Protein chains: 2
Amino acid sequence: MENSSSEDLDSETLFIVSQTFKALGDPTRIRILHLLFKKECSVNAIAEALDIRQSTVSHQLRFLKNLRLVKYRREGTTLYYSPDDEHVMLILKQMIDHASHS
Amino acid sequence: MENSSSEDLDSETLFIVSQTFKALGDPTRIRILHLLFKKECSVNAIAEALDIRQSTVSHQLRFLKNLRLVKYRREGTTLYYSPDDEHVMLILKQMIDHASHS
DNA sequence: TCATTATATGCACATATTATCATATAAGCA
DNA sequence: TGCTTATATGATAATATGTGCATATAATGA
């Protein structure tokens, strides 16, 4: 059975864990996810709210989408992004709380 | 008050959060921390257990030490490393469990 | 003091990552 | 169809990262 304290980490788990933490290890992606924590946002809304280029936001959203950390719904030409992994978002929230208390 | 869902992340919190997740975003560092989860280990013991160079282990331990994620105690010429941040270790454990269930 | 063992450090190299520009695609509407 | 708006993509350059070699440091014991 899966147990994080068992002898060895299998390589697939190791890969997923490192990829996911890597996704959370960049300030821009953290800011995007933190923004989405409160409400779904279009790509342009994110770019404006965080003052970063549209293409940068789009690239990072693709990254997060590949890891299934965000999803989107379409409304005309606008794509509204929102979190797609509650557990990872909870982990992000925990780390932010942890860091802001230090 | 600190609240992970408040409007903006201050830059210091953002920095700490991203640095900490970055620390967890590398397979070698994850393996080291996962090993230390079970028992304190010397540098050489880690290198042997994980089959990586001593200098690599030392470099990564310095990285983790700078973030206060590990600490050590000396016994003669041997340094025994162990986790130094329970909360971050708990977060790592959560992510491993999350990943191994997917 | 000298040799040995354990660990740390400086440097170099290969690779990965990030942001940006320019441009492509896609949907909606006149 | 052609125009506009929203988003995605490819290429590129600057920077960051991870590893290993060679060597330094530090503690111990003969």
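Every chain is numbered from 1 and lettered A, B, ... according to where its sequence line falls, protein lines coming before strand lines. Given the structure is predicted, the values throughout are model-derived calculations rather than measurements.
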Q: State, yes or no, whether a side-chain contact exists between A:Asp85 and A:Arg68 at a heavy-atom distance under 4.5 Å.
A: no
Q. Between B:Arg29 (side chain) and B:Lys22 (backbone), is there a donor-acceptor pair under 3.5 Å?
A. yes
Q) Can you tell me if CZ on A:Phe63 sees more than 12 non-hydrogen neighbours from other groups inside 6.0 Å? A) yes
**Q.** Sugar-phosphate or base contact per nucleotide [nucleotides 4-15 of chain C; S, B, -; heavy atom under 4.0 Å]
**A.** --SBBBB-----
Q. Whole-Å distance between D:dT17 P and B:Leu67 CG?
A. 11 Å
Q | Parallel, tilted or perpendicular: ring planes of B:Tyr72 versus B:Tyr81, cut at 30 and 60 degrees | A | tilted
Q | Polar side-chain atom of A:Ser18 near backbone of A:Leu14 as donor-acceptor pair, under 3.5 Å | A | yes
Q) B:Ile30 has an atom CD1; how far is it from atom P of D:dG18, in whole Å? A) 11 Å
Q: For A:Ile32 and C:dT18, give me the distance from atom CD1 to atom C1', rounded to whole Å.
A: 12 Å
**Q.** Within residues 11-28 of chain A, residues whose heavy atoms come under 4.0 Å of DNA chain C
**A.** A:Lys22, A:Asp26, A:Thr28
Q: Starting at atom CG of A:Leu64, determine the distance to atom P of C:dT17, rounded to an integer number of angstrom.
A: 14 Å
**Q.** Spacing of A:Phe63 atom CZ relative to D:dA8 atom P, expressed in whole Å
**A.** 16 Å
Q. Quick one: B:Arg53 CZ to D:dA22 C1', roughly how many Å, whole number?
A. 13 Å
Q | Below 4.0 Å: OP1/OP2 of D:dT17 and any side-chain N or O of B:Arg29 | A | no
Q.
The criterion is ring-ring contact (aromatic ring centres under 6.0 Å, His included); which residues satisfy it with B:His59, sequence neighbours excluded?
A. none
Q | Side chain proximity check, A:Leu92 to B:Val17, heavy atoms < 4.5 angstrom | A | yes
Q: Please confirm whether the backbone N or O of A:Pro83 pairs with a side-chain atom of A:Lys71, one donor and one acceptor, at under 3.5 Å?
A: yes
Q: Examine distances only and state if a side-chain atom of B:Thr20 and a backbone atom of B:Ile16 form a donor-acceptor pair shorter than 3.5 Å.
A: yes
Q. Rounded to the nearest Å, what distance is computed from the CD atom of residue A:Gln60 to the C1' atom of nucleotide C:dT17?
A. 9 Å
